[in-house]
Amino acid sequence: MNTVAERATRPGAGTAGRVRRLKRSPVGRFVRRLPFYLVIAAIFFYALFPFYWALRSAFTPDADLFRTPVQYFPHNPTLHQFREVLSSHFFLRALLNSTLVAGAVTLLALVLGSIAGFVLGRFRFRGRSVTLYLMLSMTTFPQIAILGALYTMITGLRVHILGLSFNLPHLYNSLWALILTYMIFTLPLTVWVLTSFMRALPRDLEEAAYIDGPTPLHVSYTVLLPLVAPGLVTTGLLAFIAAWNEFLYAVSFEETPDKFTVPVAMVNFVGKSGSTFQVPWGQLMAATVVVTVPLIVLTLLLQRRILAGLTAGAVKG
């Protein structure tokens, strides 16, 4: 058997020991993790540079926007672009329309989704799994695939009640057209996430609540719904962002400028000159910052509940 001294005098033993000590040192651990840090930095730069460029352009005067060499930091920062945007009645009206539409869509999706999630998550009935996967499959269809059918319904919708037919011609070029069509892609996500939350809750809570004799709907809103707050926050925020950023249906169902939402208004934004051949890049970048910063702040404030909602149902038990 080799002794410790013999192993120490073996060729390469000292070098191997130094290599092991170097790997265990802070410098060695940093070197091993350096490729990972570089990848994270590249992804971080790729994701944030467009927003940084919009922020830089929003504070840059019009005369310096296209100056060469490129100025990555404005030499003469100004708030002129923001003043022009926030004083535009056209943009403020679009901002109000987007807020009303996104808020109504989020509220309806949470109300209907919580009811459907309670039924699908707490009751056993034939066809429950089929219903869930059908709701999930609705999110796989591209929006443009059903645009023609939706346009026909919005422009010529007829309601039959007790044998009587009623035309609803006022849906087109109204905010109700966007609220109803946005539910197509916000409601399935809400139902799927809230169903996972409802299914994960213990049965003992529900059974204890039924002792006092309430209805299932009353139990849902007084006992179970407060426990799925992360799911409500997650789905509500995702539904709000999806409705806030939607462009295809908004440009298809809205005709007059007073009904435009923010994405459509930014496409049709005209500078002070009133010329459609002149793109007011500075004002467009300022408008981008105005409509994006609140969403970022809201996401950062609610990030813990969002992560809890996104991981709900991933591990059972």
Side-chain angles (χ1 to χ4, degrees), residues 47-48 50-55 57-58 81-82 85-86 88-114 138-139 141-144 146-147 150 154 171 173-194 230-269 283-303 305-307 309-310:
L48 291 186
F51 184 75
Y52 159 75
W53 192 255
L55 191 65
S57 301
Q81 313 290 5
F82 290 95
V85 167
L86 296 178
S88 172
H89 176 74
F90 173 69
F91 178 75
L92 293 179
R93 180 67 183 183
L95 202 61
L96 177 62
N97 291 339
S98 289
T99 304
L100 293 176
V101 171
V105 169
T106 303
L107 182 61
L108 287 175
L110 289 179
V111 171
L112 299 177
S114 60
M138 292 173 61
T139 61
F141 288 93
Q143 291 180 322
I144 197 171
I146 57 175
L147 179 60
L150 287 177
I154 293 298
L171 283 180
N173 195 34
S174 69
L175 299 183
W176 282 109
L178 301 183
I179 294 174
L180 294 177
T181 54
Y182 288 179
M183 294 293 293
I184 294 175
F185 54 84
T186 58
L187 188 57
L189 175 64
T190 306
V191 172
W192 185 266
V193 175
L194 293 182
L232 294 175
V233 172
T234 302
T235 55
L237 184 60
L238 294 178
F240 187 88
I241 293 176
W244 183 271
N245 294 330
E246 205 283 328
F247 174 77
L248 180 61
Y249 293 167
V251 76
S252 301
F253 301 143
E254 306 301 333
E255 185 177 6
T256 56
D258 63 311
K259 297 296 190 298
F260 285 172
T261 56
V262 166
V264 182
M266 293 180 66
V267 172
N268 295 275
F269 206 87
Q283 296 179 31
L284 284 176
M285 296 298 102
T288 301
V289 174
V290 169
V291 301
T292 305
V293 167
L295 299 180
I296 295 177
V297 173
L298 191 62
T299 303
L300 293 177
L301 292 177
L302 302 175
Q303 59 179 337
R305 291 190 177 272
I306 293 172
L307 291 176
L310 290 177

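Atoms considered below: every heavy atom in the structure, side chains included; atoms not considered: hydrogens, waters and symmetry mates.
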Among T99, T106, V105, V101, find the one that has a side chain to side chain contact (heavy atoms under 4.5 Å, CB included) with W244. T99
side-chain contact (heavy atoms from CB on, under 4.5 Å) partners for [X], two or more places apart:
X: P257; result: F90, F260
X: L107; result: V111
X: L92; result: none
X: L48; result: F44

Residue pair [X] / [Y]: nearest heavy atoms and the distance that separates them:
X: Q283; Y: V85; answer: O-CG2, 3.2 Å
X: L284; Y: M266; answer: CD2-O, 3.3 Å
X: G231; Y: T235; answer: O-OG1, 2.7 Å
X: F82; Y: A286; answer: CE2-O, 3.8 Å
X: A102; Y: A243; answer: CA-CB, 3.8 Å
X: E254; Y: S174; answer: OE2-O, 2.6 Å

Between N97 and D258 (side chain of the first, backbone of the second, donor and acceptor by atom type, cut-off under 3.5 Å), is there such a pair? yes
Below 4.5 Å, heavy atoms only, C-beta onward: do [X] and [Y] meet side chain to side chain?
X: L147; Y: Q143; result: no
X: V251; Y: V267; result: no
X: E246; Y: T181; result: no
X: M183; Y: L108; result: yes

In Å, rounded to the nearest 0.5 Å, how long is the span from [atom1] of [X] to [atom2] of [Y]?
X: K259; Y: F253; atom1: NZ; atom2: CZ; value: 16.0 Å
X: L100; Y: L95; atom1: CG; atom2: CG; value: 10.0 Å
X: L298; Y: F240; atom1: CG; atom2: CZ; value: 7.5 Å
X: L150; Y: L180; atom1: CG; atom2: CG; value: 10.0 Å
X: I144; Y: L248; atom1: CD1; atom2: CG; value: 5.5 Å
X: T256; Y: N173; atom1: OG1; atom2: CG; value: 3.5 Å

Taking distance alone, no hydrogens or angles, what donor-acceptor pairs closer than 3.5 Å link side-chain atoms of residues 186-194 to residues at least two apart or in another chain?
residue	atom	partner	partner atom	Å
T186	OG1	Y182	O	3.0
T190	OG1	T186	O	2.8

Please identify each residue that fulfils ring pair (Phe, Tyr, Trp, His ring centres under 6.0 Å) with F91, with sequence neighbours left out. none
By side chain to side chain donor-acceptor pair (under 3.5 Å), N268 pairs with (sequence neighbours left out) none
